[in-house]
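These notes concern the structure reproduced below.
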Amino acid sequence: MDKYIESVIEAVKAKDPEEKVFHQAVTEVLETLEPAIKKFSKYKENAILERIVEPERVILFRVPWVDDKGEVHVNRGYRVQFNSAIGPYKGGLRFHPTVNLGVLKFLGFEQIFKNSLTGLPMGGGKGGSDFDPKGKSDSEVRNFCHSFMLELNKHIGQFIDVPAGDIGVGAREIGNLYGMYRKVTNKHGTCVLTGKGPTYGGSLIRPEATGYGTVYFAKEMLKTIDEDMKGKVVTISGAGNVAQFAAEKCIDLGAKVITMSDSDGNIFDPDGIDREKLAWIMELKNVRRGRIKEYAEEFDVEFNPKSSPWGRKCDIALPCATQNEVDKKEAQALVDNGAIAVCEGANMPLTPAAIEIIQEAKVLYAPGKAANAGGVSVSGLEMAQNSMRYFWSREEVDQKLHQIMVNIHQTAYNTAKMFGEPGNYMLGANVAGFLKVADAMISQSYLM
Ligand code: NDP
């Protein structure tokens, strides 16, 4: 590895030794930037790598809230405002017990390059809390969201930072957060959050956007090898927002989805999850907030506790749950079972060792920052619609989303080719995302 790049990675590790997933994300991105750093000396001369790995600002705060028994609990809230060179910070909020600063720095770092790839003016950020919404009542979740926004409102705004959802933050949470924002600030219509409900400023297709976008990206990759989604067998992990709409788009395009999962295990439906069964899953997860194993009982199929779906024979794998869910063993199983494409709906679901196995086997591989950029893209379109005081139809938004995903694919594909590694979408996406942000930082002086 180039000595300059290596020294930056080592410095990141030495500074915050416990932030392992952040180190992983930084290493993965910086390693692939080598050809660009060698080709253009300006990035080293302007210390771009040293600057880009350091967040512009981190906000850490106390979130006290009261449960249904009247007991007070305290969680920790965060917002990592990572890079605003090309636009206001933009990125989701994650509520999950595993959240800590290292996780949010990894997600915020990835978001910089993802948002750059969309072609829209959005910087990178991420936030959230170690609060676990699982098993909490609606009123407990509401109390938590209200307390979280009582602090967060001071740090966000349409020209500053525009959060959205992520794991554990969906329509219910965004509604509660937005309600408190309005109560405190007496402002409406300024796009301070995206993923809002359609009755109060949300864009149509935003809930669908990440999952749909992932499948649009997979479709573009398949085109390069004269293949199509139709008739393909697809394994999906997760049963949340991204997984649900990835499954829906696969079904629309004539593919057969045979697995979905949650943190308890996965269901295997050899006949395929059809539209009716998927509607049942959406009701289970979004309304009843139940567990995926209930699907196995309802439709009399296999439930595999505490295991992943990656051992199943499939053509296409869409990991849509969480980081590092596909390691060496699972990647090897995908290769052995003849998968032709792995497209990341989640953020960093493949470990570095898994990526190596997939790439060496010449299986098409799309990194999350390209493949799951549809969500933030439609968030960008929500900001645009709110600014115009106007709404586009479902068809208009979906058509724009589709075009953005085609453009991201083309950009990553062409950039990989230009830097001598055709088909390496990881390199293409990282380099293309980086160049725009780095050039914006140089233009705005060393203070950026
Ligand atoms: P949701 O909370 O809606 O769903 C997450 C799903 O993944 C659930 O089924 C959950 O199961 C499962 N899951 C979460 N953590 C784990 C774990 N440690 N082990 C096994 N399963 C787990 O989140 P989203 O669908 O919104 O997000 C999924 C992924 O997509 C994340 O990586 C997120 O960062 C990424 N992403 C999301 C975007 C969006 O627009 N929502 C945009 C871009 C990326 P359980 O309920 O049991 O926890």
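Atoms within each ligand, like the ligands themselves, are counted from 1 in listed order. Throughout, numbering of the chain's residues begins at 1 and tracks the sequence.
- With distances taken over non-hydrogen atoms, the option nearest atom 23 (O) of ligand 1 out of N286, V378, I167, N347 is I167.
- Under the 4.0 angstrom criterion for non-hydrogen atoms, A239 is in contact with ligand 1.
- Note that CD of E56 and CG of D161 are 10.5 Å apart. Values are rounded to the nearest 0.5 Å.
- Taking any N or O of R206, backbone or side chain, at least one lies under 3.5 Å from an N or O belonging to ligand 1.
- Checked by distance only, ligand 1 and G375 stay at 3.5 Å or farther apart across all their nitrogen or oxygen atoms.
- The presence of a protein heavy atom under 4.0 Å from atom 10 (C) of ligand 1 is ruled out.
- In this structure, G368 does not count as a contact residue of ligand 1, since none of its heavy atoms falls inside 4.0 Å of the ligand.
- Here the OG atom belonging to S237 is positioned 9.0 Å from the CG atom belonging to N266, to the nearest 0.5 angstrom.
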Report task. Take E325 and W310 through the side-chain contact (heavy atoms from CB on, under 4.5 Å) test and state the conclusion after the steps. Result -> CA-CA 10 Å; E325 55 169 308; W310 311 121; 3.6 Å; yes
Report task. Could you go through the salt bridge (Lys or Arg N to Asp or Glu O under 4.0 Å) check for K15 and E54 one step at a time? Result -> CA-CA 11 Å; K15 201 176 266 184; E54 195 65 53; 3.2 Å; yes
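- Under a cut-off of 6.0 angstrom, the local environment of CZ in R288 is crowded, with over 12 non-hydrogen atoms contributed by other residues, nucleotides or ligands.
- Checking T322, T210, N372 against atom 39 (C) of ligand 1, the nearest heavy atom belongs to T210.
- Residue-ligand proximity: M260 is placed with every non-hydrogen atom at 4.0 Å or more from ligand 1.
- Around the NZ atom of K293, the shell of radius 6.0 Å holds no more than 12 heavy atoms that belong to other residues, nucleotides or ligands.
- Results of the salt bridge (charged side-chain N to carboxylate O under 4.0 Å, His left out) test with E382 over K400, K196, R206 single out K196 as the only residue that passes.
- Heavy-atom proximity to atom 8 (C) of ligand 1, evaluated over G265, P319, G165, G240, is greatest for G240.
- By the 3.5 Å distance cut-off applied to N or O atoms, R94 is counted among the residues near ligand 1.
- The shortest N/O to N/O separation between R291 and ligand 1 falls below 3.5 Å.
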